[in-house]
Amino acid sequence: MLRRLTSPGRAAPGPAPGTAPGAPGDPAAPSRRALLRGGAGLAAGAAATAALSGCGSTIAQGFTGGEPPADRLNFWNPFTGGDGARMVAMQQEYEKAHPENSLRATTFVWGNPYYTKLSLATVGDRPPHVAVAHLSKLPVLARAGLLTELPGDALAGQGMTPEKFDAKPWRKSHVDDRLYGVPLDTHPFVLYFRTDIAEQAGLLDGGELAGIDGPDEFAAALRAAKEVTGAFGGSVASIKDSATQFRLFLSFYTQLGGRPLVADAGATVTVDLDAAEEALAYIRRLGEEKLIPTGADGQAAITMLTTGQAGFLMDGVWQIVAVLDSKVEFDMRPLPRIFSDAPYACFADSHALVLPRQPKRDDARVDLSLEFAASLLDSSRLWAEGGHIPAWLPTQRSAAYRELTPQSHYTEAAEGAAYDPVAWYGGAGSNLQINVGDAVTAALTGRSSPRAAAERVRSELRTLADVESPI
Amino acid sequence: MASTLGTGAVTPDRRAAGAVRGRLTGPALIAPFALFYIVFLVGPLIYTFVAGFFNGSLLRDGFGSWVGLTNYADVLGDAEFWRTLKHTLWFTVLTTVPLVLLALLLAILADRFVRGRWFFRFAFFAPYVIPSASVSLIFMWGVLADQVGLAQDWLKALGVDSPPSWLGDPSWAMWSMAGVTVWWTVGFNFVLYLAGLQEIPRDVHEAAAIDGAGPWQRIRHVVVPMLGRTTTLVTVLQIVASLKVFDQIYMMTGGGPDGSTRPTLQYIVDTGFTDGRTGYASVVSLFLFLVILLISLVWFFLVRRAEKES
């Protein structure tokens, strides 16, 4: 809340007796004038200094739109926390290998604010040279004309050829058969489980969870774990976390063979009401039978697993670091196949490196940018420690990655990746995730019936689709 | 007032020259601010008004194409706009009432201390100087957090088994936001009231006391009426500030859970900057501007009439 400070004196009734305002001889007058002169001088001095020293500074380039030096690479990413630390380490590997270039990395808050800044900077002709974008957002950015198409030969020149990428994220990096991104990873929504609790509940078969596919089978496994923990069977974030609820819903909905939620780049709503209701009814069932909590936030959901109040956790792979830190016995696997109406599916997204549209085409800088992208791919084992499945096959198939456990136990989930529906209001951290997720939360907690929640999903989507696309 | 009569001694000539200079001095002194005002306030306002007739987009150059009054019709028929406006007004009620009454109460109490008054003035004003980001962090991760937050701990100590999720439950989140705002900003109104209290002459108190008025009667019939103008100022500033709420809600709940705390200002940011619909966001801004203007005018009109009647 911004508020201008008002002098308390103004509230005092009546003028102070004996002084006319601004009376001549007021000792404050000359000193104020001197102050103004001094202030103007200072401002002029500061401006001159900025103009002289500004050529190399990013701020001055922001004002003038001037090109930075040829060896400068501006890189934007939305990674904080553990991912942020690993990204910094990967950048350091690049800097070690290419000390002649100067990399300037900038980190922003994840989600809508990041994409708003990226779009505005590009529209305003002040884009970074390389940026991280979610593949769920890539089609929108590309259709808005904000991305540079990546030339295949330049990519091959840096050793990045199609057969070296995981097929699904590689295909998703294309829009209308043109390549716009270098995929870095796939990060699916998976199942964490406590091996000690699963063992006690008799769910382990040779160290692996067995017989948890199917609606009743998974519920039975949760119930068995609940009897061991005495609290809940599994946990999932439901409050202050509509994105997680959306991921849970999209996973089940896609397994049910539901059509994409929206089509025509978001202009038409095509949600399958019956499939949505069935998915929501199952989520409600887990909540109603108290197999999963209905009032845990993101942190609490993880804490329940690590403190033994729950034997399972349904969450994104990126939470692995928090679970590892707790030093409990646990393992991970893809989200179970609850419904068999369609090929296996679980929510997933991917990070990719994109080249925002530059005011002037500059092949040398494209090469510099792709060289950086290739360097990040080569360090993607480091990235995989944070839970992400490398899209770079030389890393994904390496022994070093396979030895990384439990990170390598859910690699096949990448094949079932169900990305966000393509819409200008969709993608990572978008309004679509938030609004649909809110409806799912209402179903989980029992505030709405599954049918009402499914109808709300449709009406939320219609509201979003009715808006004229800004692209 | 005797001292101002001294100016009568200057000659008529000098007075005429002085008058010309005096006439120019005012506008000249205002000019820098006026320029600033035109460039950064009037200009954008006109731009906003014009943009409201176009379907502009952040991702395209220029105003976009002319759509006439479509944006106006859409905003008036937009359930989410009305919902956010309701949140804004509800937040204003939830904060203005306690922020005026509590500030008055604290000021009256603090005013009774002769020694150590500085301490209370400091203690009550201190939260106000904390930046909104710090306040949000303190309450998000400290006081109102789930499981580990102080507020839940206290309730558990009092025997409440499952205290609400203060920021996660749609029926509590707005109350939590109002509580945080009251704690954070009461100091500002408190200082205004304290200044007002110190303007009340001692003899009025003494006269009332001699006439047999007890402490409570003195507060009700002497102090509160004499603070009338301060109360007007405090209330108007508070209403306007509350209608413009954004920072703490954006940082602590992001308008959630389930959109239950999203104020109109955030709706403007969401439609304008996230969705990139500049024309639409312009119209929403204009409506919010009108609402704030209207409420301020109504309040001033009521106060003016009450003052005339008394």
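Note: hydrogens, waters and symmetry copies are ignored here, and every other heavy atom, side chains too, is used. Convention: sequence-line order gives letters A, B, ...; per-chain numbering from 1.
Only the backbone of S469(A) comes within contact range of chain B, with at least one heavy atom under 4.5 Å from a heavy atom of that chain. In this structure, no portion of D241(A) lies under 4.5 Å from any heavy atom of chain B. With a threshold of 4.5 angstrom between heavy atoms, I434(A) does not approach chain B through any atom at all. Both the backbone and the side chain of T274(B) come within less than 4.5 Å of a heavy atom in chain A. Contacts between L265(B) and chain A at a heavy-atom distance below 4.5 Å are absent for every atom of the residue.
Y425(A) and N435(A) are not linked by any side-chain donor-acceptor pair at a separation below 3.5 angstrom, with hydrogens and angles left out of the test.
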Exercise for the section: Apply side-chain hydrogen bond (donor to acceptor under 3.5 Å, both in side chains) to Y267(B) and D78(B), showing your working. Expected result: CA-CA 11 Å; Y267(B) 191 53; D78(B) 181 350; 2.4 Å; yes
Report task. Might you work through the side-chain hydrogen bond (donor to acceptor under 3.5 Å, both in side chains) test for S65(B) and N55(B), ending with a clear yes or no? Result -> CA-CA 6 Å; S65(B) 47; N55(B) 66 347; 3.2 Å; yes
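Here the closest non-hydrogen pair linking T116(A) and F273(B) is CG2-O, 3.0 Å.
Looking at E80(B) and R262(B), a side-chain N of the basic residue comes within less than 4.0 Å of a carboxylate O on the acidic one, giving a salt bridge.
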